[in-house]
Amino acid sequence: MEKLRFAVVMLLWGVVRWVDGFEVNYGNVSEVAYMESSFGLLESSGEGGAAAQEAPLMVGITLIRGAHAKGAVCLDGTLPAYHLHLGFGSGANSWVIQLEGGGWCNDHRNCVYRKTTRRGSSNYMEKQIPFTGILSNKAEDNPDFFNWNRVKIRYCDGASFAGEGQDEASNMYFRGQRIWAAAMEELMAIGMRKANKALLSGCSAGGLASMLHCDEFRGLFSKSTKVKCLADAGLFLDAVDVSGGHTLRRFFQGVVTYQSVAKNLPASCINHMDPTSCFFPQNLIAHIQTPLFILNAAYDSWQVQASLAPPVADPHNLWRDCKLNHARCSPSQIGFLQRFRNQMINVVKGFETSRPNGLFLNSCFAHCQSERQDTWFADDSPTLGKKPVAIAVGDWYFDRSSIKLLDCAYPCDNSCHNLVFM
């Protein structure tokens, strides 16, 4: 069966959109501020399994009406929102919560722009969104979680649901932590408090958020409730870029400072590291007590584009072709990317030794593999140890087996759905 290939259409050379991945604007705003956007991948022709061809379930939006009184508002002051599809049968009392991704904003200019988009205002959010991958309601697409209560919490604060502050002069609100709390309060009130099983998940910036809030999520439930967390494409590394600088560290420093994130970071980390370092997952995971599953591509496409070889670090566009298509990378560029993979492997070494944790680290050029049906569970999904992502996550969650899956280095994995840009 021919593998699906994917293309992102680059409009006006400057914008690239990915599935809860990135939206790169090289002309007007920051190079990493708006790099995540849903539903941007366009599938080229090819076979991806019968399930991938069917129309997905569309789920309507719900505004959190009581949030305003709590100051739990989007960047522009509008109400936060979520999408809920109720569970049924054996899954009626089980819940999977997905935190939406969508980049960050790190200063006044970037946040002012962001509040005029669906990433900063519920006024611009879609009224319905497709539930695919881990949110699918079909057993053949989502074997372990299809009949659970499935929720997607929309992302409109720009700091991975962790900010706490306000820019009064610009009428901007940094209330990510309050949005998280208001969403949890509403979901608990409508039935989640009765959950016997719960899984907090998230992709990209939402994957980072799932780590930041994992232990808080555990604390909402009684000890009898089985609670775990899944971080997809959220393992952002404090890596050196191609110029020898630290593009992502500088950007995260702006996010943490401008949105007053430090007060919501784990005290166990803040007590011995600076706040910016504690926003990087590599320094967070050791402090998380709740079982956590890390799902990541070793050559994460967003990090290659925005952290390792952003335009500011590559002014002569020496990495342009390599970023658009990994097959065009020179041997020295592949060597640089292999060193990035080695850094990621070193980060998870301690993590994977903890028995309750799970790991699926494949050597693909991808980003967000739990939301897309083709990478979550389809006829030709990426696999490790003969397990697709959905089966690996299910086996881990239900304790059917220990899942610590680490791929060999590129180009050994022929199951990847690598992202190729045009």
Between the main-chain N or O of [Y] and the side-chain N or O of [X], is there a donor-acceptor pair closer than 3.5 Å?
X	Y	result
Ser122	Thr78	no
Asp314	Trp319	yes
Thr225	Phe221	no
Ser121	Asn123	yes
Gln373	Asp141	yes
Thr116	Tyr113	yes
Glu185	Ala182	no
Thr375	Gln369	yes
Ser363	Cys408	yes
Lys226	Asn196	no

Are [X] and [Y] close enough that some pair of their side-chain heavy atoms sits under 4.5 Å apart?
X	Y	value
Leu337	Arg341	no
Cys364	Tyr299	no
Ser136	Leu57	no
Thr132	Arg372	no
Asn137	Phe131	no
Leu359	Leu405	no
Phe377	Asn142	no
Phe360	Val393	no

Gap separating the [atom1] atom of [X] from the [atom2] atom of [Y], nearest 0.5 angstrom:
X	Y	atom1	atom2	result
Leu235	Asp300	CG	CG	8.5 Å
Phe145	Lys197	CZ	NZ	10.5 Å
Arg400	Asp144	CZ	CG	4.0 Å
Leu292	Ile285	CG	CD1	7.5 Å
Trp148	Leu199	CH2	CG	6.0 Å
Ile179	Ile153	CD1	CD1	10.0 Å

Note: [X]-[Y] ion pair, threshold 4.0 Å (strictly below):
X	Y	value
Lys387	Asp395	yes
Glu371	Lys152	yes
Lys115	Asp76	no
Glu126	Arg154	yes
Asp157	Arg178	no
Arg109	Asp107	no
Arg249	Asp241	no

Next on the checklist: Does Cys322 form a side-chain contact (heavy atoms from CB on, under 4.5 Å) with Arg328? I'd like the steps, not just the answer.
Outcome noted: CA-CA 5 Å; Cys322 179; Arg328 300 176 187 169; 5.6 Å; no

What about [X] and [Y], are their ring centers closer than 6.0 Å?
X	Y	result
Phe174	Tyr258	yes
Tyr155	Phe161	yes
Tyr397	Phe293	no
Phe252	Phe280	yes

Exercise: identify the closest heavy-atom pair between [X] and [Y]:
X	Y	result
Asn283	His287	O-CD2, 3.1 Å
Gly234	Pro281	O-CG, 3.0 Å
Met192	Met184	CE-SD, 4.0 Å

Regarding [X] and [Y], do their side chains bring together a donor and an acceptor under 3.5 Å, going by distance alone?
X	Y	value
Asn147	Ser90	yes
Asp232	Ser370	yes
Trp104	Ser160	yes
Asp380	Ser415	no
Gln177	Glu216	yes
His83	Arg150	no
Asp215	Thr290	yes

Item to check | Axial cation check for Trp396 ring with Lys228, 6.0 Å and 45° limits | outcome: yes

Checklist entry - Which one of Tyr410, Phe421, Phe340 satisfies the ring-ring contact (aromatic ring centres under 6.0 Å, His included) criterion with Phe365? => result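 Running ring-ring contact (aromatic ring centres under 6.0 Å, His included) over Tyr410, Phe421, Phe340 with Phe365 returns exactly one hit, Tyr410.
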
Item to check | From CA spacing to verdict: side-chain contact (heavy atoms from CB on, under 4.5 Å), Val347, Leu237 | outcome: CA-CA 9 Å; Val347 164; Leu237 299 187; 3.9 Å; yes

Checklist entry - Going through the distances and angles, do Asp407 and Cys412 end up as a side-chain contact (heavy atoms from CB on, under 4.5 Å)? => result CA-CA 8 Å; Asp407 211 350; Cys412 73; 4.0 Å; yes

Item to check | Step-by-step ring-ring contact (aromatic ring centres under 6.0 Å, His included) determination, Trp95 to Phe217 | outcome: CA-CA 12 Å; Trp95 291 71; Phe217 188 65; 9.9 Å; no

Next on the checklist: Using a 6.0 Å cut-off, check whether atom NZ of Lys386 has over 12 heavy atoms from anything other than its own residue.
Outcome noted: no

Item to check | Tyr82 and its side-chain contact (heavy atoms from CB on, under 4.5 Å) partner, picked from Gln98, Glu100, Glu186 | outcome: Glu186

Checklist entry - Is there a side-chain contact (heavy atoms from CB on, under 4.5 Å) between Leu361 and Ile294 once you walk through the steps? => result CA-CA 8 Å; Leu361 188 65; Ile294 290 179; 5.7 Å; no

